[in-house]
Amino acid sequence: MNQDVIIVLGIDNPTGLCLCRELSEQGVEVVGLFASRFSIGAASKHVSAAYRRANKDELIEQLLGLAAKHKAKALLAVAENDIQWINLHRDQFSDVALLFPEQSTMDRVLDKAQTYRHAKALGIPVPETYEIETLEALAALRDELVFPVVVKWKEPVAIIPKLSALGVPLVKAEYVYSFEQLTQVLATYEPVGEFPLIQEYRKGVGLGQFFLIHDGQVLQRFQHQRIHEWPPEGGYSTVCRSLSQAEHQELSRLSEALLKALDWEGVAMVEYRYDEATKQAVLMEINGRFWGSFPLAYHANAGFAWRLYQAGVYGRGLPESQVTPGLECRFMVPETKRLLRVLLQPSKIKDRSYHNTPLVDLGRYLLSFVNPKTRYFVFMLTDAKPFFRDVKGMMSGVIKRFTRG
């Protein structure tokens with residue numbers, strides 16, 4: 001009997017690495033595609049064969065060739081832009097199960113306006129959000145805006161090519177404290193021909209609720225709270241903690257209802273900003289793919305990748321896993337960058353309401369190394385090579401910057 005084979009596109013980051021680990025541990029042979037010569041996934045013992053990915057124009061042909069060569073039953077893409085590209089050629093993969101939704105389903109969660117409409121109908125709080133098509137239209141919002149506000153792109157992946165063509169960097173979230181500052185920030189994007197969203201600022205911590213839905217049924221649930229983020233004032237997780245399903249039960253019910261209202265199929269992260277003082281959660285967005293902090297779900301035994309494989313390839317709905325609450329997972333490189341900013345560069349923290357506690361953060365950083373409930377995005381004793389590959393890549397980057405300087 002031949003072993004099941006899956007192709008994982010995007011094994012350079014911790015998400016791709018932990019997808020490979022989980023599937024391999026369940027007996028699925030993993031063939032991985034990477035972009036960087038320092039790819040951490042390519043160094044993992046859980047990847048049986050690793051290939052450098054082709055350029056965009058040749059990628060579909062490469063994937064089809066590898067699927068035929070290895071007799072792969074499924075393909076899983078990690079990055080949103082890869083999912084979009086493969087979806088354009090979805091009809092060519094008739095013999096391979098694509099473990100991500102069709103583009104029409106993806107588009108429903110990428111459309112923040114549609115997501116917010118459904119959320120409001122369910123009684124889920126959403127931040128006030130404004131869109132403008134011209135810089136002149138901003139004047140009409142002068143008396144309506146309450147500062148600070150956050151400037152963020154509606155679809156970050158889609159706007160990157162336009163920004164890159166003009167040499168304008170992508171800023172995930174920019175904090176703005178006055179109408180004059182907002183005008184200056186938005187004027188930067190006038191040559192792009194599009195403007196980012198202007199969103200009401202909501203304080204709190206990141207709260208993520210995660211679901212796997214197949215044929216309208218929830219096969220797995222998980223939730224975590226962000227402890228630290230990079231940058232410190234808000235971004236992606238550098239430390240996160242798994243939560244018991246007994247917490248935030250009503251919010252979890254609403255998140256599930258929201259995904260079903262959007263006819264969602266597959267894995268998704270429903271992201272909130274949670275104010276611990278008021279106990280109120282405000283919806284930020286839905287990510288319709290495997291999320292950046294997936295390593296925590298892997299370590300907590302949530303089993304999303306394995307359940308998705310079973311559902312997508314064989315139509316099986318495995319019993320929901322009981323996850324381990326109270327685990328903390330650390331993304332060491334950005335977590336160290338965060339600590340250095342908190343200790344040495346607090347003036348660079350853009351959110352003026354951010355409460356800086358450098359000594360507390362330093363103590364927490366050091367004590368986590370001896371906390372038995374600490375896990376890591378990359379490092380594992382039983383699969384250590386990705387960690388050393390990661391260190392090698394970091395050292396190479398440092399040397400390049402030093403020699404250029």
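Side chains are part of it too, since the values below use all heavy atoms of this structure and drop only hydrogens, waters and symmetry mates. This chain uses plain numbering: 1 for the first residue, then up along the sequence. Only a predicted model underlies this, so the values are computations on that prediction, with no experimental measurement involved.
The only member of L254, V282, V270 that meets side chain to side chain contact (heavy atoms under 4.5 Å, CB included) when paired with I124 is L254.
Residues forming a salt bridge (charged side-chain N to carboxylate O under 4.0 Å, His left out) with E80 (at least two apart in sequence, or on another chain): R289. For the ring pair (Phe, Tyr, Trp, His ring centres under 6.0 Å) test, no residue two or more places apart in sequence or in another chain qualifies with Y376. Residues passing the ring pair (Phe, Tyr, Trp, His ring centres under 6.0 Å) test with F379, sequence neighbours excluded: F387. By the side-chain hydrogen bond (donor to acceptor under 3.5 Å, both in side chains) test, R117 pairs with no residue at all, sequence neighbours left out.
Annotation: ring pair (Phe, Tyr, Trp, His ring centres under 6.0 Å) contacts involving residues 300-338, sequence neighbours excluded, comprise W291-F304, F331-F377.
By the 4.0 Å N-to-carboxylate-O rule, R338 lies close enough to D361 to be salt-bridged with it.
Here F294 and H299 keep their ring centres 6.0 angstrom or further from each other.
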Table please: side-chain donor-acceptor pairs of residues 152-161 below 3.5 Å, with sequence neighbours left out.
unit_1, atom_1, unit_2, atom_2, d
K152, NZ, Q199, OE1, 3.4

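With no hydrogens or angles considered, a side-chain donor-acceptor pair links D383 and S44 at under 3.5 Å. Side-chain contact, E335 with H228: a donor N or O sits under 3.5 Å from an acceptor N or O. Using modelled atom types and a 3.5 Å distance limit, the side chains of E128 and Y201 yield no donor-acceptor pair. Counting only N and O atoms by type, the side chains of E328 and T374 include no donor and acceptor under 3.5 Å apart.
For the pair R202 and Y274, the NZ or CZ position fails the cation-pi test of under 6.0 Å to the six-membered ring centre and within 45 degrees of the ring normal.
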